[in-house]
Amino acid sequence: IPQVQEARLNAVLPVNVGALAPGKCQYGFLLNEEGGVVDDWLLYKLPDVPHNWPQGFLLVVNAGNTQAACDWLTRYVGPDTFQLLPDGLL
């Protein structure tokens, strides 16, 4: 659900997710409780398209730190808000 994704991402990412236009992306960081960097990311707001295309957001994290990023997302965003896609997905 894109609205739920946006609200949860806005609560935990240091950017205004709602200001991101469809089809655009933004660079940022996953931060720990002390403000230290867990990982960097690119957040894409998927374009509004017809048919059965996915809607919402695509968060791309560093491939070398995938597990830490997934642990962070599970803890702060909730496992029902994201889906882990296979490595190398283009």
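We use all heavy atoms of the structure for the numbers below, so side chains are in, but hydrogens, waters and symmetry mates are not. Only a predicted model underlies this, so the values are computations on that prediction, with no experimental measurement involved.
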Enquirer: How close do Val17 and Glu6 get, heavy atom to heavy atom, and via which atoms?
Expert: CG1-CG, 3.9 Å
Enquirer: First locate atom CG of Leu73, then atom CH2 of Trp41, and finally report the distance between them rounded to the nearest 0.5 Å.
Expert: 11.0 Å
Enquirer: Side chains of Val60 and Tyr44, heavy atoms from C-beta outward: is any pair under 4.5 Å?
Expert: yes
Enquirer: Ignoring hydrogens, what is the shortest heavy-atom contact between Pro22 and Pro47? Give both atom names and the distance.
Expert: CB-CA, 3.9 Å
Enquirer: Going by the rule side chain to side chain donor-acceptor pair (under 3.5 Å), which residues pair with Asp40 if we only count those two or more places apart in sequence or in a different chain?
Expert: Tyr27
Enquirer: Going by side chain to side chain contact (heavy atoms under 4.5 Å, CB included), name the residues that satisfy it together with Asp71, two or more places apart in sequence or in a different chain.
Expert: Gln67
Enquirer: Which heavy-atom pair separates Asn10 from Gly18 by the least distance, and what is that distance?
Expert: ND2-N, 3.8 Å
Enquirer: Under the ring-ring contact (aromatic ring centres under 6.0 Å, His included) definition, can you give me all pairs with a residue in residues 7-26, not counting sequence neighbours?
Expert: none
Enquirer: Looking only at heavy atoms, which two atoms of Gln26 and Val15 are closest? And how far apart?
Expert: NE2-CG1, 3.1 Å
Enquirer: Applying side chain to side chain contact (heavy atoms under 4.5 Å, CB included), can you list everything that pairs with Leu31, at least two apart in sequence or on another chain?
Expert: Pro14, Phe29, Val37
Enquirer: Please find the pair of heavy atoms, one from Thr66 and one from Val61, that lie closest to each other, and give the distance.
Expert: CA-CG2, 4.4 Å
Enquirer: When rounded to the nearest 0.5 angstrom, what distance separates NZ in Lys45 from CG in Leu9?
Expert: 11.0 Å
Enquirer: In Å, rounded to the nearest 0.5 Å, how long is the span from CG of Leu59 to CG of Leu43?
Expert: 5.5 Å
Enquirer: List in chain and number order the residues that pass side chain to side chain contact (heavy atoms under 4.5 Å, CB included) with Val12, two or more places apart in sequence or in another chain; answer none if no residue qualifies.
Expert: Trp72, Tyr76, Val77
